[in-house]
Amino acid sequence: MTSNALTPGIVSGRLPAEDLVENFSDLHPPLDDHEALVAADRCYFCHDAPCMTACPTDIDIPLFIRQIATGTPDAAAKTILEQNILGGMCARVCPTETLCEQVCVRETAEGKPVEIGNLQRYATDTLMASGVHPFTRAAATGKKVAVVGAGPAGLSCAHRLASKGHDVTIYDARAKSGGLNEFGIAAYKSVDNFAEKEVDWLLQIGGITVEHGKGLGAGLSLEKLKADYDAVFLGIGLAGVNALNVDGEDKDGVLDAVDFIAELRQADDLSQVAIGRDVVVIGGGMTAVDAAVQAKLLGALNVSLVYRRGKDRMNASAFEQELAATKGVRIITNASPKAVIGNGAVQEIEFEYTDDDLQATGQTVRLAADQVFKAIGQQLGGDDLPAVERGKITVSGAGRTSMAGVWAGGDCASGGDDLTVTAVAEGRDAAEDIHAALSA
Amino acid sequence: MADLTSEFIGIKSPNPFWLASAPPTDKEYNVRRAFEAGWGGVVWKTLGSEGPPVVNVNGPRYGAIWGADRRLLGLNNIELITDRPLETNLREIKSVKRDYPDRAVIISLMVPCDEESWREILYRIEDTGADGVELNFGCPHGMAERGMGSAVGQVPEYIEMVTSWVKQYSKMPCIVKLTPNITDVRKPAEAALRGGADAVSLINTINSITSVDLDDFAPEPTIDGKGTHGGYCGPAVKPIALNMVAEIARSPETANLPISGIGGVTTWRDAAEFMALGAGNVQVCTAAMTYGFKVVQEMISGLSDYMDRKGMTSTSELVGRAVPNVTDWQYLNLNYVTKAKIDQDACISCGRCFAACEDTSHQAIEMSEDRVFTVKDDECVACNLCVNVCPIENCITMEQVAAGQLDERTGEKVPEEYGNWTQHPNNPSNFEAAE
């Protein structure tokens with residue numbers, strides 16, 4: 001090993017291999033059989049359960065937990081997957097602390113909710129480990145649907161359409177399917193190549209063809225798709241990245257956080273992933289936390305996450321903020337970037353203190369930085385899209401856009417939080433609407 | 001700390017907690033550990049006749065059912081009486097009693113149903129120093145097939161006959177242990193009394209199959225693909241045992257017959273309940289088999305604290321206190337009206353009361369959009385199901401509607417006076433009188 005935490009600049013191999021393995025292991029190790037039974041026994045099987053209401057995909061949580069408790073995890077998995085075909089990934093990445101587990105009555109009673117996320121993972125992992133795909137296709141309808149984007153929304157939509165007997169072609173500009181599940185989530189939330197395995201498992205239903213390297217404006221046009229298919233679903237996410245718009249942004253070492261996260265996820269050998277000694281992440285959402293925590297786990301000496309407003313305005317959940325703090329990330333709030341300083345490569349970044357309304361104070365601070373990750377939001381990309389409002393494709397009902405025959409869901413579409421689970425729900429519901437339209 | 005000293009049919013023990021005749025009392029080693037832990041007495045595991053001892057199965061001998069978190073709720077067993085030589089047991093009993101003279105040591109007996117067998121065994125145990133005998137007329141498996149155990153206990157005439165032999169050939173206090181595998185437990189109790197028994201103990205275990213292996217299609221515990229019914233015990237049987245104890249305690253024929261209460265005693269509270277229903281002391285097995293002998297220490301402290309709170313200085317003040325309040329259904333006051341009330345501060349909004357009431361009962365609970373649950377007094381019949389299914393203790397309570405107040409369900413005022421079924425106009429036996 002030639003470098004360590006003190007080595008200046010952006011270098012790889014700051015930590016020994018065994019430390020990297022430990023750092024990037026499963027954030028929440030899976031429950032074993034005994035732990036799952038103990039956890040399942042805590043569920044009260046509530047009437048019209050609050051957890052179900054809080055779940056964007058309306059999973060019948062009390063039922064699946066009861067199925068685990070009675071020794072039928074495969075049945076539990078089916079209960080989950082009927083509502084949420086990406087229930088395995090959602091079990092890993094859902095902010096359960098602000099969804100199902102937040103409203104669990106045992107949170108009310110004892111301040112300790114039933115471990116719904118972990119139990120969901122137990123059930124779905126058990127089923128997927130057995131190699132079983134529990135769904136079959138209805139008789140072929142002869143209808144063809146194009147799905148653009150192989151992320152959570154597109155995959156969910158495609159699976160539901162395939163199950164109805166339609167033939168689906170998924171197009172994705174990247175070389176691999178999965179969207180943000182594959183490229184945009186911290187490695188410790190999806191270990192052992194889970195995103196890819198989940199896609200392979202999902203496709204076992206049949207009737208879905210995936211074509212990579214094709215996206216809108218990259219070999220595909222919406223007009224052509226509309227002409228060639230009976231319906232089109234857009235699950236294209238937010239491909240563009242917002243710029244800082246400050247002096248020096250183009251200096252070496254200033255990068256998009258999403259690219260760093262993707263590079264890290266795709267890396268075969270984490271000791272080859274380069275990271276700065278003094279890393280500054282700008283932003284306050286999940287992406288910022290994922291980038292900052294992983295920078296620290298790769299061995300950066302100092303990692304600061306800088307957000308322009310106060311802590312309670314951060315999009316990252318309290319759990320994510322705590323995770324970052326626990327891993328040694330310094331969270332600085334109420335500071336807006338003013339300039340990137342350096343001779344060719346970034347050396348420092350200057351911030352101005354700002355209040356929650358972003359009123360400048362005139363007081364500045366500089367942080368040493370040999371690497372800066374921008375995580376201040378993504379934006380919709382592409383031309384000739386259906387009507388767009390406030391940066392998202394306008395949808396009504398179950399994902400209907402302004403264009404006849406074109407549906408949209410996930411991060412690219414209006415409404416709902418930008419969460420995996422929300423994308424799955426929107427893709428599923430759009431598929432049902434498409435099916436209804438095609439059956440009419 | 002209240003004095004827990006107990007005297008049961010003349011047998012003294014420092015507390016009313018005895019270990020029942022069962023695996024925990026099969027050996028000197030166990031019994032010494034039990035006495036060190038604080039048990040007031042033991043009923044030694046049942047002895048049989050002289051000669052080759054019985055043999056037990058060599059596969060599993062216990063089956064079980066569990067509640068949440070694998071709490072053991074019920075246990076059954078197909079173990080027989082002691083499978084150790086009579087001489088060994090007698091020597092050990094003598095040794096233990098010598099070293100623990102303040103503890104009660106009772107010998108459980110089961111020999112063939114003939115006078116000579118009983119005379120012989122009573123003679124053999126004479127110089128052990130034991131405080132009394134318990135006649136095992138309850139064991140429902142294995143021994144019953146050989147004409148002993150519950151095969152005797154199910155025939156009142158046999159109970160009376162054997163008991164009288166025991167009283168004839170021994171000066172020891174005699175407890176007759178009753179089987180619950182009968183229709184009316186008062187009959188064997190009366191037979192024991194007629195035979196001269198000093199006390200009865202109940203209940204012995206209940207015929208049971210705890211579960212079925214759904215791969216091998218055999219009852220559990222399974223021995224080489226087959227299973228047999230075993231004797232059921234543990235917390236699950238407590239309600240059955242309490243009722244049987246109460247039936248004997250409140251029956252005029254047996255009201256003065258001392259009772260040693262057995263059946264699922266797990267905590268001080270269980271023991272106190274048995275005693276309030278007429279048991280002079282209690283015997284415990286499953287709780288010790290589940291948690292070890294140390295459980296008695298909670299029973300001792302708990303009962304003592306309770307008696308202090310109640311101002312009781314002797315266990316005899318507790319024994320039988322609830323018996324006068326056990327009555328027949330026909331004498332229950334039909335003019336006593338209660339309504340369920342939900343404490344909104346305690347409620348965690350699980351909605352189980354709603355599901356239970358709406359789906360299976362009287363549609364007397366209202367659920368609001370924001371999950372507030374309230375009782376509809378005009379529908380509530382006070383069945384208590386909501387109280388029973390609520391996971392939060394004391395969240396739902398039954399509140400009495402005072403006499404003179406309106407019962408919104410009937411639209412009538414709650415009567416001032418007591419009124420039971422025998423007096424009710426709907427009772428067919430009252431028709432004639434009215435005409």
Side-chain angles (χ1 to χ4, degrees), chain A residues 31-55 58-76 79 96-116 118-119 122 130, chain B residues 63-74 210-217 220 235 340 342-376 385-396:
Chain A
L31 300 178
D32 65 23
D33 292 344
H34 169 71
E35 291 170 320
L37 287 176
V38 171
D41 271 348
R42 293 187 67 238
C43 176
Y44 282 142
F45 203 70
C46 295
H47 171 76
D48 192 15
C51 53
M52 275 179 73
T53 310
C55 175
D58 303 299
I59 292 171
D60 193 338
I61 294 165
L63 178 60
F64 95 66
I65 293 179
R66 194 170 177 82
Q67 289 166 322
I68 291 173
T70 58
T72 53
D74 286 355
T79 299
T96 52
E97 67 280 1
T98 59
L99 296 171
C100 51
E101 292 180 16
Q102 183 181 47
V103 297
C104 175
V105 300
R106 297 204 80 143
E107 173 69 27
T108 314
E110 302 134 44
K112 194 173 180 298
V114 174
E115 295 177 66
I116 298 168
N118 287 337
L119 285 166
Y122 172 79
S130 68
Chain B
I65 65 162
W66 295 272
D69 210 11
R70 216 175 143 85
R71 285 278 161 142
L72 189 81
L73 297 183
T210 49
S211 58
V212 177
D213 185 317
L214 290 177
D215 295 315
D216 295 339
F217 297 101
E220 304 256 25
I342 300 171
D343 177 350
Q344 298 300 339
D345 292 332
C347 177
I348 59 170
S349 296
C350 70
R352 295 216 312 214
C353 58
F354 176 84
C357 192
E358 192 71 12
D359 285 355
T360 72
S361 296
H362 304 274
Q363 296 77 49
I365 293 178
E366 182 104 41
M367 175 178 172
S368 73
E369 288 268 313
D370 56 344
R371 300 186 69 80
V372 174
F373 298 90
T374 43
V375 175
K376 293 187 262 185
L385 182 63
C386 57
V387 173
N388 297 139
V389 302
C390 178
I392 302 297
E393 53 284 355
N394 301 318
C395 173
I396 310 181

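Letters A, B, ... mirror the listed sequences (proteins, then strands); counts begin at 1.
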Heavy-atom pairs under 4.5 Å with chain A, option from B:A356, B:G351, B:G67, B:P391 with the top count: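 Most heavy-atom pairs within the cutoff with chain A belong to B:P391.
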
Shortest non-hydrogen contact between B:I348 and A:A109, atoms and distance: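 Taking B:I348 first and A:A109 second, the nearest heavy atoms are CG2-CB, 3.6 Å.
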
Note, B:C350 side chain near A:H47 side chain (heavy atom, < 4.5 Å):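 No - every pair of side-chain heavy atoms lies 4.5 Å or more apart.
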
Donor-acceptor under 3.5 Å (A:D41 side chain, B:A68 main chain):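 It does not hold such a pair.
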
Backbone of A:Y44 reached by a side-chain donor or acceptor of B:R352 within 3.5 Å: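 Side chain of B:R352 to backbone of A:Y44: a pair is present.
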
A:R66, CZ: over 12 other non-hydrogen atoms inside 6.0 angstrom: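 12 or below, so no.
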
More than 12 heavy atoms of other groups within 6.0 Å of B:D359 CG: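 Yes, enclosed.
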
Choice from A:V38, A:D48, A:T108, A:V105 maximising heavy atom contacts with chain B below 4.5 Å: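 It is A:V105.
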
Toward chain B, the part of A:P50 with a non-hydrogen atom under 4.5 Å: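 Both the backbone and the side chain of A:P50 come within 4.5 Å of chain B.
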
